[in-house]
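Have a look at the structure below before the remarks.
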Amino acid sequence: MNFNEQTLTDAAVARLDGCTDPRLREIMSSLIRHLHAFVRDVELTESEWFEAIKFLTETGHRCDDKRQEFILLSDTLGVSMLVDAINHRNPSGTTDTTVFGPYFVAGAPELPHWGHIAEGLPGTPCYVSGTVRDTNGQAISGAIIDLWQTDGVEGLYDVQVAGDTMFGRGRVRTDAQGRYAFRTVKPISYTIPADGPVGRMLRMMGRHPWRPAHVHTMLQCEGYRSITTHLFVKGDPWLKSDAVFGVKDSLVVDFVDRPAGPAPDGSLSEVAFCEAHYDFVMARA
Ligand code: BEZ
Ligand code: FE
């Protein structure tokens, strides 16, 4: 009883005395202390408090099986990348990780060497290849790489387009020499969904919703730590201000423009294309 500005925080934390889960207790007491410190720091007004409640309510209402506005909120506030950094302090020399994002769909088809993940999609034809190795430089064969990206003209994922057609997705497997190769269309920069409360928040903060062009990759192989990351397109204007803080120098790849002619898969391309090369390094589990 009689709690005041000075005593309320300790009192709220003390209510965890009956909590038997030590990790939950650690998390909730820290959360309460940080929330209270924040309210004190900005001296939150009652109307600002109510705006925050309305914002969070609207954020919840914008979530469904296709859209996750809370993840978008976490991404745009840098929380997702902080969780990623804390959870992937991998040995040096391994491929850097980055944000998972909301557009992964399980069940993409496994494709042969030089298989096409974006057959028929508009955009510049693109050939991507490289190797997967361990930290000693040994080839890893049988690693599965999940790939997903937008089309090359509108910058939309399949799940953002009406209908159930899967596009811009596939899985490739490394061969005995640890090599992988796939065809796609050159990814382009796109905006994260900005028509909801998170988009409004970004505008009010003077921020833009753009992500630099990238291909999502997720590598899995038994005995190795999985890697979820992107290959970003060198030269993209949004690399330095990615709306979700996902860019790392080591993930920026030269997508080299080539004229029509012999293509990396041994075929003859009748149109200009681009070519990218990237070598992944996985750590033992
Ligand atoms: C993405 O790259 O797909 C993504 C990541 C975070 C928020 C929205 C989209
Ligand atoms: Fe993406």
Side-chain angles (χ1 to χ4, degrees), residues 58-76 80 84 97-128 143-174 180-200 202 209-221 226-233 236 238 242-244 246 255 265 271 273-274 276:
E58 196 184 338
T59 300
H61 285 159
R62 287 306 291 256
C63 295
D64 57 30
D65 58 337
K66 288 232 154 72
R67 178 156 172 170
Q68 232 302 348
E69 196 79 0
F70 273 114
I71 293 185
L72 216 50
L73 181 58
S74 162
D75 294 341
T76 50
S80 305
D84 179 73
T97 55
T98 191
V99 65
F100 185 55
Y103 296 125
F104 174 73
V105 174
E110 186 169 330
L111 303 169
H113 209 64
W114 287 123
H116 209 314
I117 69 163
E119 190 99 62
L121 282 194
T124 308
C126 185
Y127 298 76
V128 184
I144 287 278
I145 311 179
D146 262 288
L147 305 157
W148 67 104
Q149 66 163 82
T150 64
D151 70 77
V153 170
E154 305 274 345
L156 292 173
Y157 287 90
D158 52 3
V159 291
Q160 295 177 291
V161 175
D164 288 331
T165 315
M166 186 182 267
F167 64 73
R169 299 178 190 277
R171 315 181 91 194
V172 290
R173 193 184 286 269
T174 54
Y180 73 91
F182 64 95
R183 282 179 295 157
T184 184
V185 289
K186 188 179 181 183
I188 58 168
S189 10
Y190 65 85
T191 59
I192 60 171
D195 56 346
V198 171
R200 201 171 68 241
L202 290 180
W210 285 91
R211 292 221 67 206
H214 56 273
V215 182
H216 291 259
T217 64
M218 182 165 67
L219 286 79
Q220 297 177 83
C221 188
S226 299
I227 294 175
T228 299
T229 194
H230 299 0
L231 304 182
F232 290 98
V233 178
D236 189 285
W238 305 104
D242 180 9
V244 302
F255 283 65
D265 66 346
V271 293
F273 60 89
C274 73

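Just so it is clear, the values below take in all heavy atoms, side chains as well, and ignore hydrogens, waters and symmetry mates.
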Euclidean distance, T229 OG1 relative to I145 CD1, rounded to 0.5 Å: 11.5 Å
Nearest-0.5 Å distance, SG of residue C63 to CD of residue E69: 6.5 Å
Minimal non-hydrogen separation, D84 against T97, with atom names: OD2-OG1, 2.8 Å
Q160 versus G155, closest heavy-atom pair with distance: OE1-O, 4.3 Å
Gap between atom SG of C126 and atom CD1 of I117 - 0.5 Å precision: 9.0 Å
L121 vs Q149, side chain to side chain contact (heavy atoms under 4.5 Å, CB included): CA-CA, chis, key distance, verdict: CA-CA 11 Å; L121 282 194; Q149 66 163 82; over 6 Å; no
Heavy-atom pair of closest approach, residues F232 and H230: CZ-CD2, 3.3 Å
Lys/Arg-Asp/Glu bridge criterion (N-O < 4.0 Å) met for R67, D195: yes
Validation row: Y103, D158 side chains within 4.5 angstrom (heavy atoms): no
T174 side chain to A143 backbone, donor-acceptor under 3.5 Å: yes
CE on M218 to OG1 on T228, rounded to 0.5 Å: 5.5 Å
Chi angles and distances behind the side chain to side chain contact (heavy atoms under 4.5 Å, CB included) call for L202, I192: CA-CA 11 Å; L202 290 180; I192 60 171; 4.1 Å; yes
F182/L147 under side chain to side chain contact (heavy atoms under 4.5 Å, CB included): CA gap, chis, key distance, verdict: CA-CA 9 Å; F182 64 95; L147 305 157; 3.6 Å; yes
Residue pairs passing the side-chain hydrogen bond (donor to acceptor under 3.5 Å, both in side chains) test where at least one lies in residues 106-123, sequence neighbours excluded: E110-R173
Nearest heavy atoms of P209 and A194, plus distance in Å: CB-CB, 4.1 Å
Point-to-point distance, once rounded to the nearest 0.5 Å, from OH of Y180 to OG1 of T217: 8.0 Å
Side-chain donor/acceptor of D151 to backbone N/O of L156, under 3.5 Å: yes
Ring centres under 6.0 angstrom apart (W148, F100): yes
D164, CG: over 12 other non-hydrogen atoms inside 6.0 angstrom: no
Heavy-atom closest contact (V99 atom, S80 atom, distance): CG2-CB, 4.2 Å
Nearest-0.5 Å distance, CZ of residue R183 to CG of residue L111: 9.5 Å
Minimum heavy-atom distance A108-M166, with the two atoms named: CA-SD, 3.9 Å
Working for side chain to side chain contact (heavy atoms under 4.5 Å, CB included), residues F167 and V161: CA-CA 10 Å; F167 64 73; V161 175; 4.0 Å; yes
Backbone N/O of P212 and side chain of H214: donor-acceptor pair under 3.5 Å: yes
Parallel, tilted or perpendicular, as decided by the 30° and 60° cut-offs, for the rings of Y127 and F273: perpendicular
Which residues share a salt bridge (charged side-chain N to carboxylate O under 4.0 Å, His left out) with D236, sequence neighbours left out: none
